[in-house]
2 protein chains.
Amino acid sequence: MNFEEFKNTVMVSLEDICRGFYRENRGLMKIKKEDVAVRNFVSICQATLKLSNEKGFQAMSLRDLCGESGLSMGALYSYFSSKDELVLMIHEHGHKSVQKILTQFTTGVDNPAVKLQAAIRAHLYLSELMRYWFAFFFMETKNLSKKDRRIPVESELWTEKVYIDILEEGKKSGVFHVDDPVLTGSAIKALMQDWYLKRWKYTQRNIGIDQYADFVVSIIESFVLKKQSTL
Amino acid sequence: MNFEEFKNTVMVSLEDICRGFYRENRGLMKIKKEDVAVRNFVSICQATLKLSNEKGFQAMSLRDLCGESGLSMGALYSYFSSKDELVLMIHEHGHKSVQKILTQFTTGVDNPAVKLQAAIRAHLYLSELMRYWFAFFFMETKNLSKKDRRIPVESELWTEKVYIDILEEGKKSGVFHVDDPVLTGSAIKALMQDWYLKRWKYTQRNIGIDQYADFVVSIIESFVLKKQSTL
DNA sequence: GTCTATAGTGCGATAGAC
DNA sequence: GTCTATCGCACTATAGAC
């Protein structure tokens with residue numbers, strides 16, 4: 001699978017995510033017309049993600065958000081009741097969407113080596129489609145209350161566990177030689193993260209996503225499929 | 001080399017960094033007594049790094065900083081002329097210190113394999129001693145003006161180049177089999193960064209720094225020293 | 001060199017017209 | 001459902017006493 005194929009399969013759109021979110025929280029929202037609510041919520045999310053990516057969520061004022069989203073101050077408050085609630089909503093619903101999509105791509109594959117590669121590619125390609133979301137998850141954790149920080153924390157552990165499980169499965173069946181599946185899973189995550197947190201570097205160097213995906217797969221496979229190092 | 005040995009060798013103290021900084025910027029500072037200036041500047045840096053680590057630099061008010069550093073509002077402004085200047089000073093001088101120390105540990109070694117391991121360990125161990133600084137460099141880049149963002153950017157590229165140069169040297173002399181030194185160097189950096197940006201994870205799992213250093217060395221060596229993968 | 005007191009600004013949030 | 005106008009507050013930064 002390459003990025004182009006992934007993109008056509010997933011077709012994750014911001015609108016889908018927002019519509020899902022609206023339907024789940026219909027009761028709490030002041031706006032009753034679904035298409036109005038979804039359209040505006042898409043603007044708000046898009047604007048928030050863009051501005052947060054540029055200057056950080058804390059530094060983004062609600063007046064900035066008005067300008068970027070095209071809504072007025074008063075209108076914004078029909079969609080959330082405080083700036084803190086806005087950051088929470090994006091975290092909460094974003095992580096849920098990511099987990100849903102990643103689950104699709106790692107179930108129904110048996111061979112651990114194939115599954116590992118599928119998980120890495122799906123994860124990386126999704127981080128590309130949802131680049132601002134992924135960056136937001138990591139950079140804006142501190143804007144959550146101590147209690148709500150469990151959301152990104154659990155999401156981090158959940159994704160990591162996808163890798164750990166595959167690695168342990170492969171170890172049990174003798175396909176992989178991996179001493180520490182936990183550290184290895186966490187290393188895979190670290191490599192994913194570099195792609196979306198330091199995109200400027202990869203853009204500058206003309207390194208495309210498929211090239212990066214191949215690289216991550218090769219470094220991990222050389223580690224877990226190795227027969228014997230020359231040490 | 002392990003962490004304990006590194007610590008005893010480097011003895012990097014916040015006071016040394018601040019004293020160096022004071023001497024270089026003596027002209028700009030309002031405070032003329034060196035020991036007063038250094039003592040207070042240490043407090044300010046320590047407090048800023050701590051609070052930024054907890055809630056982010058932007059969210060830290062100067063009143064918070066007064067409380068944490070023990071200085072008053074007025075006194076703070078004898079050490080910097082605006083909050084923006086404070087964040088710039090920490091970035092500027094912090095990166096300079098890191099580069100100075102890392103250079104010490106990677107010069108005078110010839111064998112590329114030995115040098116690679118020395119660089120990885122020194123870098124990781126230093127990130128432990130200066131944990132809040134390293135986290136600050138990454139998380140608080142957005143608080144710099146567009147122009148000043150070149151400081152962390154150049155520092156990122158500089159550290160990476162340390163690895164790239166070692167890898168290319170090893171490739172030329174036939175010790176390493178590495179297809180893409182640039183991507184490999186950037187992967188090493190990504191693994192370093194995971195250690196100090198997600199310390200909660202490693203602390204939770206009781207993974208110590210020496211264990212993590214061994215792991216990073218093993219994954220990278222298995223990649224660049226490999227004879228033949230079993231693919 | 002450090003303090004307290006305060007000026008001035010821009011923020012998040014709300015009320016009420018339409 | 002969306003707007004404009006505005007309130008009260010917390011912030012950065014400064015002035016002037018000590």
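We name chains A, B, ... by the order of the sequence lines, and we start the count at 1 in each one. In this text, all values refer to a predicted model and were calculated from it rather than measured experimentally.
In this structure, Lys83(A) atom NZ and dT14(C) atom P are separated by 15 Å, rounded to whole Å. With rounding to whole Å, Asn143(B) atom CG is found 12 Å from dT12(D) atom P.
Residue Leu65(B) comes nearest to Leu86(B) through the heavy atom pair CD2-CD2, 3.8 Å, listed as atom of the first residue, atom of the second, then distance.
Annotation: the span from Leu129(A) atom CG to Ile101(A) atom CD1 amounts to 8.0 Å, rounded to 0.5 Å.
Lys142(A) is not listed as a side-chain neighbour of Lys55(B), based on a closest heavy-atom distance of 4.5 Å or more.
Using bins of under 30°, 30° to 60° and over 60° for the plane-to-plane angle, the ring pair Phe6(B)/Phe105(B) lands in the tilted bin. Using bins of under 30°, 30° to 60° and over 60° for the plane-to-plane angle, the ring pair Phe3(B)/Tyr125(B) lands in the tilted bin.
Scanning residues 69-81 of chain B for heavy-atom distances under 4.0 Å to DNA chain D yields Met73(B), Tyr77(B). Of all the residues in residues 31-68 of chain A, Met60(A), Ser61(A), Leu62(A), Arg63(A) reach under 4.0 Å from DNA chain C with at least one non-hydrogen atom.
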Please table the atom pairs, donor to acceptor, closer than 3.5 Å between any side-chain atom in residues 34-43 of chain B and protein atoms at least two apart or in another chain.
residue  : atom : partner  : partner atom : Å
Glu34(B) : OE1  : Arg23(B) : NE           : 3.4
Glu34(B) : OE2  : Arg19(B) : NE           : 2.9
Glu34(B) : OE2  : Arg23(B) : NE           : 3.1
Glu34(B) : OE2  : Arg23(B) : NH2          : 2.7
Asn40(B) : ND2  : Tyr79(B) : OH           : 2.8

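Centroid-to-centroid, the aromatic rings of Phe138(B) and Tyr196(B) stay 6.0 Å apart or farther.
Checked for salt-bridge contact, Lys146(A) and Glu54(B) miss the test: no charged N lies under 4.0 Å from a carboxylate O.
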